[in-house]
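Here is how names work: the chains are called A, B, and so on, in the same order as the sequence lines, proteins then strands, and each is numbered from 1. Hydrogens, waters and symmetry mates play no part in the numbers below; they use all other heavy atoms, side chains included.
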Amino acid sequence: MNAVEVRGLSRSFDDRDILRDVSFTVGHGEIFGYLGPNGAGKTTTIRILLGLLAPGAGNVRVLGRDLAADDDARARVGVLFENNGLSDRMSAADNLAYYAGLYGVEDPAARIDELLALVGLADRRDDPVGTFSTGMKRKLGIARAILHRPEVVFLDEPSSGLDPGAQRMVRDLIVELSRREEMTVFLNSHHLDEVQRICSTVAILAEGRIRAFDSVENLTAASGRPAVTVALTDPGDRARACETVGSLPFVAGCDADDDALRCTLADPAAIPDLVAALVGAGFRIEEVRRSSRSLEEIYLEHVGRVEGGA
Amino acid sequence: MSTLSVIARREVRLALRNRGVLITAFIFAIWFPVMTALGIAAAAGGDAAAVAGGIAAITLPVGVFMGYIFCSDAFLREKRDGTIETLLCAPVSLQRLWEGKALGVVVPAYLTTLLAAAVSMGAASALADAPIAAEPLLLLHLAAVVPVWIAAAAGLIGAAQLALGMRENQILGFAFIFGFIFLIGGIQAVVSGGSGISATAEAVLAVVGLALLALARFIAGKVTKERIVRTIP
């Protein structure tokens, strides 16, 4: 049984299709990245999974249960929306104590102390949350989301509105928590770099449809054609070298970037032939490495294709 | 501790920390009774039953208004802030969440209404130049009828605030209050002729209050999470 299962999910609002036949699964213990542009239907998917909205068609399960109909099953799930779910007028500890009461957390005082220490807010435990920075509120929101040791936690844009330092802090926290608490993390994010760094599996949603769904490793490696980056000892040779390799039958394309040649090969086994051709033409090679595409390139390829109308 | 108690205690604590709401409630609890005590003392002319009737007549509208004030903090603020979405994901039914919040509204609204009643009685005694003893029926009114009506008002207004959008809530908020006030005034006028306090009037008010509370519970049971989420601004 998967931690999250979405089968043929569709939903529309006011005759506008938001989700169309969306299907994917998330395995236990995975950090899953759910990507897509604004309005793609990411938050709608999370709301349907959490039982806040009804699916138009298809079905969803979290830990094999329908959270809309099962109050007890919701105790096994945590969630962080953009607003953190905190009251500004209550202290950090009181906010956590409230949710501990709702979720029936055992020994709440010890758990609250543990989490406040983990997110670095132990010295602010009695301060009103309204006095906290955005980053501190987000960290407290994450602590709140995992207070009851959920098996699955949904994080909706956890890095949104944070400065780079705070983003990194939140990212490290997610990885640490996933490891420590052995949770499945469903991460809804715009930050592609963040997703590439911490997620094991990714789904890309655009215009309500899943455009790609695979492990990050497979997505970034499977470019269709293998690519190679070649750094030359003399950077001034790049344009000429590009002309040379561009005429080779096993090279599909070559670009001379700021610091290296980027060659796309028609044949994945042709890397030694490429190197031999460059050396044979008198170029001195400093480094050759197989390139993989970034998640950003893959994302833009899928989303751009949709936005471009292709 | 039950989830009902957890939710209600939190709402009471939040209400006690909301200076704006507290100041509004206290001003209303003091200013309105003092103003109306003039009329009560003048009309009653030292008649304790008539004073009790006057106080009974004003405490229900005051209680409903207090319920409205504290509802705006417990229900509407939570929706405006979006924190209600997180609460809806907790292992608590929507019905229980509504009950807890309504209870959390009733406690401060009832206490401030009792303050208003005490201020009314003190002001009326001072103006009548003689201490006015509380009538047993007035005590029954304050102990039983008033909390039922506050609970009905908090429940109905809270359910409406959960189900409606921000604009509709702004428009309908005062409609609710005036609806309640006209209903209370109408019942008092029809049953007791608009003066004094009678067991019949109290019984009718209690029955109508309980019916409204049942209606509030029924309406709250019809509100869906989807309706709430889709009306979050």
* **Partner residues of A:R76 under the salt bridge (Lys or Arg N to Asp or Glu O under 4.0 Å) criterion, sequence neighbours left out** =>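 Listed in chain order: A:E151.
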
* Asked: Does any pair with a residue in residues 92-116 of chain B pass salt bridge (charged side-chain N to carboxylate O under 4.0 Å, His left out), and if so which ones, sequence neighbours excluded?
  ->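 Residue pairs passing salt bridge (charged side-chain N to carboxylate O under 4.0 Å, His left out), neighbours aside: B:E11-B:K101, B:E78-B:K101, B:R96-B:E99, B:E99-B:R217.
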
* Could you give the distance from OG1 (B:T86) to CG (A:L86), rounded to the nearest 0.5 Å? ->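 Here the interatomic distance stands at 8.0 Å.
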
* What distance do B:T83 atom OG1 and A:D88 atom CG have between them, rounded to the nearest 0.5 Å? -> 9.5 Å

* Best-contacting candidate, B:T224, B:I7, B:I84, against chain A by heavy atom pairs under 4.5 angstrom -> B:I7

* Asked: Picking from B:T3, B:D81, B:L14, which has the most non-hydrogen pairs under 4.5 angstrom with chain A?
  ->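 Max contact count across the listed options: B:L14.
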
* **Check: A:Y98 main-chain N/O paired with B:R10 side-chain donor or acceptor under 3.5 Å** =>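 No, B:R10 side chain to A:Y98 backbone: no donor-acceptor pair under 3.5 Å.
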
* CZ/A:F13: more than 12 non-hydrogen atoms of other groups inside 6.0 Å -> yes

* Enclosure of A:E182 CD (heavy-atom neighbours >12, cutoff 6.0 Å) -> no

* To do: Can you tell which part of A:L67 gets under 4.5 Å to a heavy atom of chain B, answering side chain, backbone, both or neither?
  => neither

* Structure fact -> On a heavy-atom basis, the closest approach of A:N83 and B:G82 is ND2-O, 2.8 Å

Of the backbone (N, CA, C, O) and the side chain (C-beta and beyond), which part of [X] lies under 4.5 Å from a heavy atom of chain A, both, or neither?
X: B:R13; result: side chain
X: B:R9; result: neither
X: B:I228; result: neither

* **side chain to side chain contact (heavy atoms under 4.5 Å, CB included) between A:F154 and B:C89, intermediate numbers included** => CA-CA 11 Å; A:F154 292 87; B:C89 296; over 6 Å; no

Let me have the donor-acceptor pairs involving side chains of residues 160-167 of chain B, under 3.5 Å, with sequence neighbours excluded, atom names and distances please.
none

* Who in residues 48-66 of chain A is close to chain B, using a strict under-4.5 Å heavy-atom cut-off? ->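 Listed by number: A:L50, A:G51, A:L52, A:L53, A:A54.
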
* Worked check of side chain to side chain contact (heavy atoms under 4.5 Å, CB included) between A:Y103 and B:V92 -> CA-CA 8 Å; A:Y103 282 87; B:V92 180; over 6 Å; no

* Given the rule in the side chain to side chain contact (heavy atoms under 4.5 Å, CB included) test, do B:K225 and A:R47 qualify, once you have shown the distances and angles that lead to the verdict? -> CA-CA 10 Å; B:K225 289 184 179 180; A:R47 284 173 169 167; over 6 Å; no

* To do: Could you go through the side chain to side chain contact (heavy atoms under 4.5 Å, CB included) check for B:R17 and A:D94 one step at a time?
  => CA-CA 13 Å; B:R17 290 176 193 188; A:D94 284 348; 3.5 Å; yes

